[in-house]
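What follows is a set of notes on a single structure, which appears directly below.
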Amino acid sequence: RTPHPAPRTPHPGTMLLDVPREILLLVVNFLQTHTLSQTCQRTWRDLRGLYALYRVRQENIQAVAGSLLQYPVYVAHLIVRLGADVTNALASLKEGQFLHTLSLEFNRSTSNHLGADVANALASLKEAPKLHTFRLYLSRNKIGDAGAQALASLKEAPKLHTLRLSLCGNKIKCAGAQALASLKEVPLLHTLYLDLSDNDIGCAGAKALSSLKDAPLLHTLDLDLRSNMIADAGARALASLKDTPLMHTLCLDLADNRIECTGAQALASLKDASLLHTLHLDLSCNKIGDAGAKTLASLKEAPLLHTLHLYVSSSEIGDAGAQALASLKDAPLLHTLYLDLSQSYWMNISHGIGDAGARALASLKDTPLLHTLCLNLADNNIECAGAQALASLKDASLMHTLRLQLSSNEIGNAGAQALASLKDAPFLHTLHLDLSYNKIGDAGAQALDGMTTSTVPLLHLGLACQYEDKS
């Protein structure tokens, strides 16, 4: 009796040939790259031309736009050098029958600014039949409220689900912010990146933007309102974003906005967002003080929070505020923490963090699930005792990535020698340590040089130091 032959195992190099084209398209759309098209002759034939990246000058913009309409391009990223007539050609891309992802980035000279007319032309892209992802980079122009109002008409795009508008420094005021708040009406919108930094939307504009919480499918919001003078009243309004029904990721940049303790207290209520697992909150260059830091420490109560980036540099926080923020160690699911408590060198150093604050922050090692910690304590009042306390971060049971910024303190040789022991952390594979401007001499330098040898070799080691004396 002749036995049946064993099933033939396909060679790994030929398995791709059996994958249907529809599946390849799904993979490519997920990867957002042309790499797969270069795998073999078959993928080159089926996938080439679907992704386009152009650096465009005025003289060839019509040809580029025409080619994007002629061929079945799915994703296009255009970096455009400004000229007088480029925007009408770009607006013609609304005719693209296959185009679903479009990024437009404008390079300009200092004397050539885009105005509201350009925003009006680009807003017509809402008519693109399959467009679901649109990124528009228009920073440092002069589109003003009229341009913002024009771009708000993108809310009529029927399939749009991901939108990025970078409108930094565009002379947008309250009326423009109120118009952009209507983007909550985009039917399928789930991800919104809105950069309005360095404008003048004020408290009323912030209140208008807080209505984005009414977007029914929105789960990811990145709102950059740096330098807009929104003050405490604007911060209180934005705290209502916690009521966004599906929100799980929130990035809120409110640096340099005249926010004080009352505003920080309101923003601490973001902990009540029921699905929130990732929060980036920037309150740098405000005046929240130790009292504001104490209220922000309650973010540890957010039930699902696992990633927290909290930037409160140059915000008049001292040892008492640092001690309060150290209680973030009690967040049950927190595994990634970025905490910026640095001071600007030109600010009053009396507000800085000293050894008592550093000792408290060292207790972050007790955060149950923490594996990534970035701690910026630059330009404070930390001396040897504080550095020795921070060296105990090596005892964090799951820590694999640590970035510790201690430049412009007073840790000296003994502090450097203590911190050199971080190399012995059992699971640490990435360590970045900045000890520049700390009066470290030969003894400290020798200890730090020894970090290149450890029981478990580090995969990534970055050291920044300036030594005071030489042997």
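These numbers come from the heavy atoms of this one structure, side chains and all, not from hydrogens, waters or symmetry mates.
- At a cut-off of 3.5 Å, with distance as the only test, no side-chain donor of S315 or N286 sits close to an acceptor on the other residue.
- The closest side-chain heavy-atom distance from L104 to F134 is below 4.5 Å.
- Taking CZ from R135 and NE2 from H77, the interatomic distance works out to 8.5 Å, rounded to the nearest 0.5 Å.
- Within the model, atoms SG of C261 and CD of E316 stand 11.5 Å from one another, a figure rounded to the nearest 0.5 Å.
- Using modelled atom types, one side-chain atom of D355 and one backbone atom of G386 make a donor-acceptor pair closer than 3.5 Å.
- Side chains of L431 and M451 form a contact here, defined as non-hydrogen atoms less than 4.5 Å apart.
- A heavy-atom distance below 4.5 Å is found between the side chains of L165 and L183.
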Atom pairs and distances, side-chain donor-acceptor, residues 366-375, under 3.5 Å, sequence neighbours left out:
unit_1	atom_1	unit_2	atom_2	d
T367	OG1	L364	O	2.7
H371	ND1	H400	NE2	3.1
H371	NE2	H335	ND1	3.2

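- A pairwise comparison of heavy atoms in S397 and F427 identifies O-CD1, 3.1 Å as the closest pair.
- No side-chain donor-acceptor contact under 3.5 Å links D379 to the backbone of S344.
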N/O donor-acceptor pairs under 3.5 Å from side chains in residues 191-203, not counting sequence neighbours:
unit_1	atom_1	unit_2	atom_2	d
D195	OD1	S197	N	3.0
D195	OD1	S197	OG	2.8
D198	OD2	R140	NH2	3.0
N199	OD1	N170	N	2.9
N199	OD1	K171	N	3.0
N199	OD1	I172	N	2.9
N199	ND2	L167	O	3.1
N199	ND2	L196	O	3.0
N199	ND2	S197	O	3.2

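- Taking 4.5 Å as the limit, some side-chain heavy atom of S327 sits within range of a side-chain heavy atom of K300.
- Note that CG of L304 and OG of S274 are 7.5 Å apart. Values are rounded to the nearest 0.5 Å.
- In this structure, the side chain of D434 engages the main chain of S436 through a donor-acceptor pair within 3.5 Å.
- Using a 4.5 Å heavy-atom cutoff, the side chains of I353 and N381 are not in contact.
- Rounded to the nearest 0.5 angstrom, L422 CG and L448 CG are separated by 10.0 Å.
- N409 places a side-chain N or O within donor-acceptor distance of the main-chain N or O of I382, the cut-off being under 3.5 Å.
- The line from CG of D214 to CD of E185 is 10.0 Å long, rounded to the nearest 0.5 Å.
- Once rounded to the nearest 0.5 Å, the distance linking NZ of K439 with OG of S408 reads 11.5 Å.
- A distance-only check finds a donor-acceptor pair linking the side chain of N413 to the backbone of G444 [under 3.5 Å].
- Under the side chain to side chain contact (heavy atoms under 4.5 Å, CB included) test applied with K242, the options L250, L276, L267, D272 reduce to a single match, D272.
- Between H309 and T307, some side-chain heavy-atom pair lies under the 4.5 Å cut-off.
- Checking side-chain atoms of N376 against main-chain N and O of A378 turns up a donor-acceptor pair under 3.5 Å.
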Checklist entry - L131 and H100: side chain to side chain contact (heavy atoms under 4.5 Å, CB included), yes or no, with the steps? => result CA-CA 4 Å; L131 188 67; H100 62 62; 5.8 Å; no

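- Put simply, the side chain of N257 gets close to the backbone of I230: a donor and an acceptor are under 3.5 Å apart.
- For the pair R226 and D253, the salt-bridge criterion is met [side-chain N within less than 4.0 Å of a carboxylate O].
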Next on the checklist: Run E105 and S103 through side chain to side chain donor-acceptor pair (under 3.5 Å) and show every step you take.
Outcome noted: CA-CA 7 Å; E105 183 178 344; S103 299; over 6 Å; no

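- Between H219 and the options H161, H248, H277, a ring-ring contact (aromatic ring centres under 6.0 Å, His included) holds for only H248.
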